[in-house]
Structure formats: structure tokens, C-alpha cells
Amino acid sequence: MRTLACTLLLAAAPVLAQDIVIGQSAPLTGGNAELGNDIRNGALAYFRKVNEAGGIGGARIKLVTLDDHNETKLSAENTQKLLSDHNALALFGYASSTLSIPAMPAVLEHRVPFFAPFTGADTIRKQNDYVYTVRATYADEIGKIVNFWGNLGNTKITVLHYDDTVGKQNFETVANVLKKFDRKPVSVSIKRNAEVTDASVRDVIASDPNVLVVTTLYAPAAQMLKKLKAQGRVYMTTSLSFAGASQLAKALGPDALGVSVAITVPTPRSQTIPVVRECSEAWAADGHKEPMSVTALESCIAAKVLTEGMKRAGTNLTRASLHKSLSALGRYDTGGYVVDFKPNFRHGGSYVGMALLKPNGEVRD
């Protein structure tokens, strides 16, 4: 077991050399692979842009991504490898709260910044002072969704959620917001990493909602909507950003018509916003022929914020100096998308929009 003195030395050890290693554990294969690859590729596109402009003090940024197959055990193991074997300066872009939590013991041990996990769950925000988020919370998203539909008179809401801590928390948040309309939502829970059952489909149909609020990943969300449609049931549906807007649109195909999703960055079509245009150009320059997804855009923006933190950390770039610079970042406008970190508040994003999914896979606000 490492002593406190040893841990402090690890946090202060300079990592600036030929490469600046940013570590990531993400599902590059398996059921959530499209989301994981989009997170990785969005960051790679921005880091390539930085490297081609001279890097950070002449050092290149190197993103090292280890595949966790969307499994928590691998996420924990990958984190240890990234910190011990690859000497990562920071950890970046873990694909969910479920995959982030197993990394927390190592984050605390090594005192390493844990930057931009792709989750709005309160669970991850409450972990420790090394966690930095750049997106709004699920509570922010749920408030937007429920108030949007409630103000239109659509208050009979069913919530599709995972049967775990975060899923139940999302359901309770819907229930709390819905109180202002004097209504209670119906819960339909499913197991994580499992197929949507016919029983769950029957539960949704029995609840006969005005609106189905989806808080799962894109695969089970698409399964549920396709099974409902096969039985002649089509409901107004809005998903949390957690599903991945672009991924859900692709998974649904022609069944995407009428489905909306909360988004925590503007859509890639919003080319009048400078940072969207900058990331789109970086995406194309990195060799991608397909349009940039919402997830890849969010990752690109997060990579820009992390890069700014590295630039402000000074010439002696360490985990400790990066942690200090990120904490003091303050209000930073990336070019139409603002984050605001403070010494005692490291959760800088607040943007929530609503977008429509199109049968051709597009996401339009």
C-alpha cells in the first residue's frame, strides 16, 4: 500500500515529455461501442488539431484509449493501467456514470483529474474534488423535458429507466418535477445490458402515456420503440442525452420520426456557432467522411476545455498543476459554448436543448 508521501510524489511528478498522455477507458466494442468510439474520435480530432499547431509547449497530446466493452470490471482495470503503465496526466471521456465509479479509488490514490465523463448523474459529481464535468445534469435535462411537455398539457408520463441507482434517481427526478402539474409518472424498469422484455413492453402499453421519457442507452431505447410500433403503439417520446442522440437516430432508422432528445451541446448542424464550426473542421481534417455526431461534438468541445487547462498549467505540467489550473479556469467561452469552473465547484456545463431525430439519422434542433 502506498504511503501518503508516495502518493503526493506521484501527483507532483512532471509528465511533460515527448508526449502528454491523456487516458481513457471506453466501450470500443460491444453493445455501446458506437457511443464509445464517437467519444474517442471527437477528442482525437481536436487533439490532432492542437498537435498540428505545435502541441502544448512543443509536446504532443496522445490519447490512449483502452476498451472496457462497457464492463465495470474492465473499466477499473483499465484505469490502473492508464495511470501506472502509461503515466496519464488526466483521465478523459469515460462513457457513463456506471463506468466512471470503478475508476474513483485510483483517481483518489493518484490525485488525477477525471475530466468530462459522459454522464449527467449526480452520483459521479459527488465523488471527489478531482471530477470535472462539462455537461448539464440529468436533473437539468429532465426539468427541460417535463416542463416542455407539461406546459403543452401532456402530463401522463411513463419513464423507461434502468433498475439501478442512477435509473431510479432519474425516475424520482421526473416525479419531483411532475408534482407541479399534480401528476405522478409510471415506472417501467429494465435490466442494464439486457434485452428489452415483452413484459416491459406490455407495462408501457398498460400505462397508456401521453409521453414516454427514456433514460436508457440507445440500444434498449430503440428496441422498446420498435417493439411498441410492431404492436401498433406509437407514443410521443423524448430521451435523455444519455442515449446518444445520433446513435439513437441511427438505431431507430425510419422509426425515429417524432422522437425527440435532450442534448447538452448544440447540434453539429449549428455551423454559425464558432466552436461547432471549429470541431466540424477538425473532424473533417481527421479524415472522417460521415457527419460529426452530437456525441463526437461534445467530446471535441470537452477536449478543447481540457487543452485550455493544460495551457494554463504552465511549463511544469503535472497532475497537480493541471488540477490547480482547471479549478481556477473560471468562465471559459469555447466559442459559443461556455463552461464555468470554480475552486469549490468543478461542474461547468449548463446547456440543455431539445432536438428532433430524423429517419435519415440526422439530429435537428
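Looking at residues two or more places apart in sequence or on another chain, you find a side-chain hydrogen bond (donor to acceptor under 3.5 Å, both in side chains) between E308 and R312. Looking at residues two or more places apart in sequence or on another chain, you find a side chain to side chain contact (heavy atoms under 4.5 Å, CB included) between N128 and M104, V107, L108, Y130, V131.
A 4.5 Å side-chain heavy-atom check between H323 and P113 finds at least one atom pair inside the cut-off. Taking 4.5 Å as the limit, some side-chain heavy atom of Q271 sits within range of a side-chain heavy atom of V276. Proximity of Y138 to T173: side-chain heavy atoms (C-beta onward) are nowhere separated by under 4.5 Å. L248 has its side chain out of reach of K250: every pair of non-hydrogen atoms, C-beta onward, lies at least 4.5 Å apart. Looking at F118 and S96, their side chains never come closer than 4.5 Å, going by heavy atoms from C-beta outward. Put simply, the side chain of T238 does not reach to within 4.5 Å of the side chain of V259, judged on heavy atoms. In this structure the side chain of L66 reaches within 4.5 angstrom of the side chain of L82, judged on heavy atoms. Using a 4.5 Å heavy-atom cutoff, the side chains of I145 and V177 are not in contact.
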inquiry  = Determine whether R40 and D38 satisfy the following criterion, salt bridge (Lys or Arg N to Asp or Glu O under 4.0 Å), listing intermediate values before the conclusion.
reply    = CA-CA 5 Å; R40 175 178 179 267; D38 275 0; over 6 Å; no
message = The test is side-chain hydrogen bond (donor to acceptor under 3.5 Å, both in side chains); show your working for T79 and Y94 and say whether it passes.
response = CA-CA 10 Å; T79 300; Y94 280 46; 2.8 Å; yes
inquiry  = Set out, in order, the CA-CA distance, both residues' side-chain angles and the distance that settles side-chain hydrogen bond (donor to acceptor under 3.5 Å, both in side chains) for T72 and S75, then state yes or no.
reply    = CA-CA 5 Å; T72 55; S75 173; over 6 Å; no
task = Let me see the working for S241 and I263 under side chain to side chain contact (heavy atoms under 4.5 Å, CB included), right down to the final yes or no.
result = CA-CA 5 Å; S241 65; I263 53 176; 5.6 Å; no
request  = Apply side chain to side chain contact (heavy atoms under 4.5 Å, CB included) to the pair I61 and I22, showing each step before the final yes or no.
outcome  = CA-CA 7 Å; I61 303 171; I22 304 299; 3.9 Å; yes
message = With side chain to side chain contact (heavy atoms under 4.5 Å, CB included) as the criterion, how do L160 and V213 come out once you've worked through the C-alpha distance, each side chain's angles and the decisive distance to 0.1 Å?
response = CA-CA 6 Å; L160 180 67; V213 173; over 6 Å; no
Side chain to side chain contact (heavy atoms under 4.5 Å, CB included) between I56 and T307, intermediate numbers included = CA-CA 8 Å; I56 306 291; T307 298; 3.8 Å; yes
message = Under the criterion side-chain hydrogen bond (donor to acceptor under 3.5 Å, both in side chains), I'd like the reasoning laid out for T197 against S200: C-alpha separation, chi angles, the key distance, then a yes or no.
response = CA-CA 5 Å; T197 63; S200 295; 3.1 Å; yes
task = Tell me, with the steps shown, if K304 and E278 meet salt bridge (Lys or Arg N to Asp or Glu O under 4.0 Å).
result = CA-CA 10 Å; K304 181 172 183 177; E278 179 185 10; 2.7 Å; yes
inquiry  = Is there a side-chain hydrogen bond (donor to acceptor under 3.5 Å, both in side chains) between N147 and K180? Walk through the geometry before answering.
reply    = CA-CA 9 Å; N147 282 305; K180 69 184 286 187; 3.0 Å; yes
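The minimum heavy-atom distance between A121 and I124, with the atom names listed, is O-CG2, 3.2 Å. Closest non-hydrogen pair, S293 versus A296, comes out as OG-N, 3.0 Å. The two residues L35 and A95 have their closest heavy-atom pair at CD2-O, 4.0 Å. Contact record, R364 with T267: C-CG2, 4.3 Å, taken as the closest heavy-atom pair. Here the shortest heavy-atom pairing between L357 and A245 reads CD2-O, 3.6 Å. Nearest heavy atom pair, residue A249 against residue A256, reads O-CB, 4.3 Å.
In this structure, F92 and F115 have parallel ring planes: the angle between them is below the 30° cut-off, well short of the 60° mark.
Applying the salt bridge (Lys or Arg N to Asp or Glu O under 4.0 Å) rule to pairs touching residues 115-144 yields D129-R346, R135-E141, R135-E298, sequence neighbours excluded. Residue pairs meeting the ring pair (Phe, Tyr, Trp, His ring centres under 6.0 Å) criterion with at least one member in residues 31-63: none, sequence neighbours excluded.
A single hydrophobic cluster is not seen to contain both L91 and L99; linkage of ILVMFWY side chains at heavy-atom distances under 4.5 Å, directly or through other members, places them apart. Under the 4.5 Å side-chain heavy-atom criterion for ILVMFWY residues, a single connected hydrophobic cluster contains both V363 and M236. Residue L257 is not grouped with residue M354 when hydrophobic side chains (ILVMFWY) are merged at heavy-atom distances under 4.5 angstrom, including chains of intermediate members.
A distance-only check finds a donor-acceptor pair linking the side chain of W283 to the backbone of E290 [under 3.5 Å]. With hydrogens and angles ignored, the 3.5 Å screen pairs no side-chain donor or acceptor of N32 with any backbone N or O of P27. Judged purely by atom type and a 3.5 angstrom limit, D286 has no side-chain atom pairing as donor or acceptor with the backbone of A282. A donor-acceptor distance shorter than 3.5 angstrom exists from the side chain of Q127 to the backbone of T123, with no hydrogens or angles considered. A distance-only check finds a donor-acceptor pair linking the side chain of S321 to the backbone of N316 [under 3.5 Å]. Using modelled atom types, no side-chain atom of T65 and backbone atom of Q24 make a donor-acceptor pair closer than 3.5 Å. Between the side chain of N154 and the backbone N or O of G150, no donor-acceptor pair lies under 3.5 Å. Checking side-chain atoms of R319 against main-chain N and O of A88 turns up a donor-acceptor pair under 3.5 Å. In this structure, the side chain of S84 does not engage the main chain of K81 through any donor-acceptor pair within 3.5 Å. A donor-acceptor contact shorter than 3.5 Å links the side chain of K227 to the backbone of V196.
Of the inter-residue distances, the one linking T215 atom OG1 with I142 atom CD1 reads 7.0 Å to the nearest 0.5 angstrom. Rounding to the nearest 0.5 Å places CG of L317 at 4.5 Å from CG of L89. Rounding to the nearest 0.5 angstrom, the gap separating the CG atom in L306 from the CD1 atom in I301 is 14.0 Å. Atom-to-atom distance recorded for W149:CH2 and L178:CG is 14.0 Å, nearest 0.5 angstrom. Atom-to-atom distance recorded for S25:OG and E71:CD is 10.5 Å, nearest 0.5 angstrom. We find the CG-NE2 distance between L74 and H69 to be 5.5 Å, quoted to the nearest 0.5 Å.
For Y132 and F341, the ring centers are positioned less than 6.0 Å apart.
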Quiz: residues 181-190 side-chain donor-acceptor pairs under 3.5 angstrom, not counting sequence neighbours:
residue	atom	partner	partner atom	Å
R183	NH1	T155	OG1	3.4
S187	OG	H161	NE2	2.7

Can you list, pair by pair, the side-chain donor-acceptor contacts under 3.5 Å of residues 204-211, counting residues two or more places apart and other chains?
residue	atom	partner	partner atom	Å
S207	OG	T158	OG1	2.7
S207	OG	V204	O	2.6
N210	OD1	K156	N	3.1

